[in-house]
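Not measured: the values here are computed from a predicted model.
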Amino acid sequence: MKTLKDIPCGERVRVVKLTGEGAVKRRIMDMGITKGVEIFVRKVAPLGDPVEVTVRGYELSIRKADAQMVQVE
């Protein structure tokens with residue numbers, strides 16, 4: 001299964017599942033990244049960290065470690 005970390009710039013994906021435990025998973029969900037939501041990958045930093053995405057109409061930067069916990073299709 002692909003994760004948000006693996007998606008190149010300009011792609012639009014849908015969240016299938018969130019992995020991770022406790023506070024980290026809760027923080028990702030609080031940012032608006034929940035199952036079924038559509039995410040547009042706007043930019044990826046030169047070294048791949050962070051990833052800038054558009055979620056629910058607002059822009060968000062997410063660390064590579066957190067992006068790896070978001071499974072997408």
J.: From Lys35 NZ over to Gln71 CD, what is the distance, rounded to the nearest 0.5 angstrom?
T.: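 Separation between the atoms: 11.0 Å.
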J.: List in chain and number order the residues that pass side-chain contact (heavy atoms from CB on, under 4.5 Å) with Val44, two or more places apart in sequence or in another chain; answer none if no residue qualifies.
T.: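 Expected list: Cys9, Val41, Val51.
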J.: Please give the remaining members of the hydrophobic cluster of Phe40, linking ILVMFWY side chains under 4.5 Å, ordered by chain and number.
T.: none
J.: Measuring from Thr3:OG1 to Lys64:NZ, what's the distance to the nearest 0.5 Å?
T.: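 Output value for this atom pair is 10.5 Å.
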J.: Sequence neighbours left out, what pairs pass side chain to side chain donor-acceptor pair (under 3.5 Å) with at least one residue falling in residues 46-57?
T.: Thr34-Arg56, Arg42-Glu52
J.: Which atoms form the tightest heavy-atom contact between Ile33 and Val37, and what is the distance?
T.: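 Nearest pair, atom of Ile33 first, then Val37: CA-CG1, 4.2 Å.
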J.: Less than 3.5 Å apart, which donor and acceptor atoms pair up between the side chains of residues 15-31 and the rest of the protein, not counting sequence neighbours?
T.:
from  : atom 1 : to    : atom 2 : distance (Å)
Thr19 : OG1    : Met69 : O      : 3.0
Arg27 : NH1    : Asp66 : OD2    : 3.2
Arg27 : NH2    : Asp66 : OD2    : 3.3

